[in-house]
Amino acid sequence: MWNKIYVEEHLIHNPRVQSILEKLKQVPILITSYDEIWGKSKKPYLHKRDSLNLFIAQKKGQLLKLAPDAYGQAGEPHYYFIHAFNCIYECQYCYLQGYFNTPDIVLFVNHEEILEEMQKSLESYPNQKVWYHAGEFSDSLALTHLTGELELYHDFCKKNPRATIELRTKSVNIKELIKLSPLKNFIISFSLSPFSMGKVIDLKTPSSLSRLKAMVELKKNGYQIAAHFDPIIYQDQFDEHYKTLLQTMKDMELTDNLNYLSLGVVRFTKDVYREVERNYPDSPIHSTPMIKSFDNKVRYTHPMRMWMMNKVKDAAINAGVSSELIYLCMEEND
Amino acid sequence: MHLITMAHLGEAQGVIEYFNLKRITPHYFEGELLCCLITGEGPFEAATTTSHYLGQKKFNSVINLGIAGTLSDDFKVGEIYGVRSIYLIIDGKPQFKSFKSFEKGADCLTSFERIVSSQKANKLSGIGHLVDREAWGVAMAAKTCGVSFKCFKLISDVAGTIGACEIVRDNAQNGSLQLAQFLQNIIEDRPSEKNHTELQGFHFTVSTRHKFEQMLKKISIREAIEIDDVAELFNLDELREQKILPKDRTRLLLNQMENKLDPLKEKLESGLQKWKTPLEREGIFIQTDSTWESDEVKLSFSAKTQLELEQKIEILRNLKFKPFENLRNGNFNVE
Ligand code: SF4
């Protein structure tokens, strides 16, 4: 899977690094710091298909990032924690393709330092619930069988009932989770696309149906689960496709067990849009006109995005998702 | 006319003989189909010489052809590969700017220094598959001058191994001929792409042609059909029967195509018209953002008398924004 593995030399005796390397069975190349190579030159995104490198490193600088309000919990602070850069999957709309200069993956192993920062931030809001999201720069479950950090974050939630962690994923890699006990404040959220669209645009990911099965498995084990329909992309009969997805979720008894369902219509920054055009010129994403919107992001027209969002929202309510649990990713929060 | 750049005269000998090129200067050779420039080794030398010749004469493309060492078992000595991306390496570290030659192929590292140790080669092997000394400079010059750029490399040796330079020297003659024959294959004329705007009874300007081609592509994606089959989705004969100018016929066709791509376009246009018409009849004109992004509505009218002014103000007082807001919010189930 990996073209080359680079490890920061000061980490080579770190037990977590040793454990990753043992599983990968590939001789690493030692470097002083990951950023001496990673992102130094513009490596085209699609080179990840045949020459994806892995960097194992220590995250320096910002470990937590303040995020906008989410999931209808206005006023509650939300943070992203940064434990990895880039992703093994290849969703055609992924914003990472225009975000970093390289698709090479970095796994940061200084989780204790990240958790320390989380603890500090939690204490700075003594009476409030605080949210921590993984998966802004990577899928948060896809490589956890390798990295083995879940237990640390789970412990953090156990000790801190005021903190809620959301692990956002398209993976079905739930083995490590099942080994842990479910917690009210440890939520696993799955991004889902309608079945037909998912096959075309969620490249290299497990199918939406497999993701639903993973959700059922987690639910059976007492886990808190949530779903994201984001990005919603236009195709003929898109509402029917969402109805089919929601009906399947209903049949699997998922719709009335969600912590929340977030909805968002596809949007891009200018740079990401240019990359998507370059990388996936035949993608269905380009078959519907888009405009430069009020905030310079590339989106469908205002009537179109509102129309689509409301259609999917109605379909979700009809499938049994409580309307209070449906969170619309509104434009001012993007 | 193609400009072929090669680092050394030894590598270029085959090309010079095969294409009967005439020596113009010690480093520059001209023929009917192509010219060959010997750039010398090193990215900056290559960039400077290539830019100089691109400034002298008009070339359709620049092709960098030459030898490279391999860093990967997947790219074998003796084979020629198209290059996908080109990176610059200074002091063993990649530099930001990179160039693209093909969608697929080997990634080439243009290094300032020769890679003679296996340790250095190993470190670079995660960044690219091949190492050369000039491709990045040639690419830089071509891109700066806006000329299309392609790069092919014949693998001469394994980078970082002892004796690589000797192998390169010994095989120079064979390699040079192999490169020349390869070049012959790639510069043969290709059939030009089909022009979809050659439709009888329609007239396309530069901008309508561009719009048409773009929409053809989008519709082919949406409908999952070939571009050549898209026109069948529209009744061109019916449009041809209309007694209108060819350019107006094109406008109608483009409009139909837009409606196919944008499911709300017709609904929005007719809804907006319905909202505007009663006021327009009274001489009050409404202008809204054509992309629907802004909620701003501009109203304009003229009045000649106090009475006319008051009548128009009265009409405006009764103007309801709700229908416009509903349209803008994609809410079509209300009147
Ligand atoms: S799973 Fe998420 S991070 Fe990974 S490619 Fe898809 S959108 Fe990007």
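Just so it is clear: chains get the letters A, B, ... in the order the sequence lines come, proteins before strands, and each one is counted from 1. Keep in mind that the numbers below use all heavy atoms, side chains included, and drop hydrogens, waters and symmetry copies.
- Expressed to the nearest 0.5 Å, how far OG of A/S293 lies from CD of B/E293 amounts to 5.0 Å.
- Near-neighbour residues of residues 221-231 of chain B relative to chain A, defined by a heavy atom under 4.5 Å from a heavy atom of that chain, comprise B/I221, B/R222, B/E223.
- The part of B/L268 that comes within reach of chain A is its side chain, from C-beta onward, which places non-hydrogen atoms under 4.5 angstrom from that chain.
- In this structure, the side chain of A/Y6 engages the main chain of B/G126 through a donor-acceptor pair within 3.5 Å.
- Between atom NZ of residue B/K260 and atom CG of residue A/D236 there is a gap of 7.0 Å, rounded to the nearest 0.5 Å.
- The backbone N or O of B/W292 lies less than 3.5 Å from no partner atom in the side chain of A/T301, so there is not a single donor-acceptor pair.
- Taken from CE in A/M304 to CG in B/L264, the straight-line distance is 5.5 Å, to the nearest 0.5 Å.
- With a threshold of 4.5 angstrom between heavy atoms, A/S283 approaches chain B through N, CA, C or O but not through any side-chain atom.
- Considering NZ of B/K93 and CD of A/E36, their distance stands at 5.5 Å, rounded to 0.5 Å.
- In this structure, the portion of A/N53 lying under 4.5 Å from any heavy atom of chain B is its side chain and not its backbone.
- Only the side chain of A/I31 comes within less than 4.5 Å of a heavy atom in chain B; its backbone stays farther off.
- Remark: A/S51 pairs with A/N3, A/K43, A/H47, B/R84, B/D107, B/H129 by the side-chain contact (heavy atoms from CB on, under 4.5 Å) rule, at least two apart or across chains.
- Both the backbone and the side chain of A/K40 come within contact range of chain B, judged by heavy atoms closer than 4.5 Å.
- The NE2 atom of A/H302 lies 10.5 Å from the OG1 atom of B/T291; values are rounded to the nearest 0.5 Å.
- The distance from the CG atom of B/D262 to the CE atom of A/M290 is 11.5 Å, given to the nearest 0.5 Å.
- Neither the backbone nor the side chain of B/K267 comes within less than 4.5 Å of any heavy atom in chain A.
- A salt bridge is defined here as a Lys NZ or Arg NE, NH1 or NH2 lying under 4.0 Å from an Asp or Glu carboxylate O, and A/D50 with B/K104 fails to meet this definition.
- For A/I37, the parts lying under 4.5 angstrom from a heavy atom of chain B are both the backbone and the side chain.
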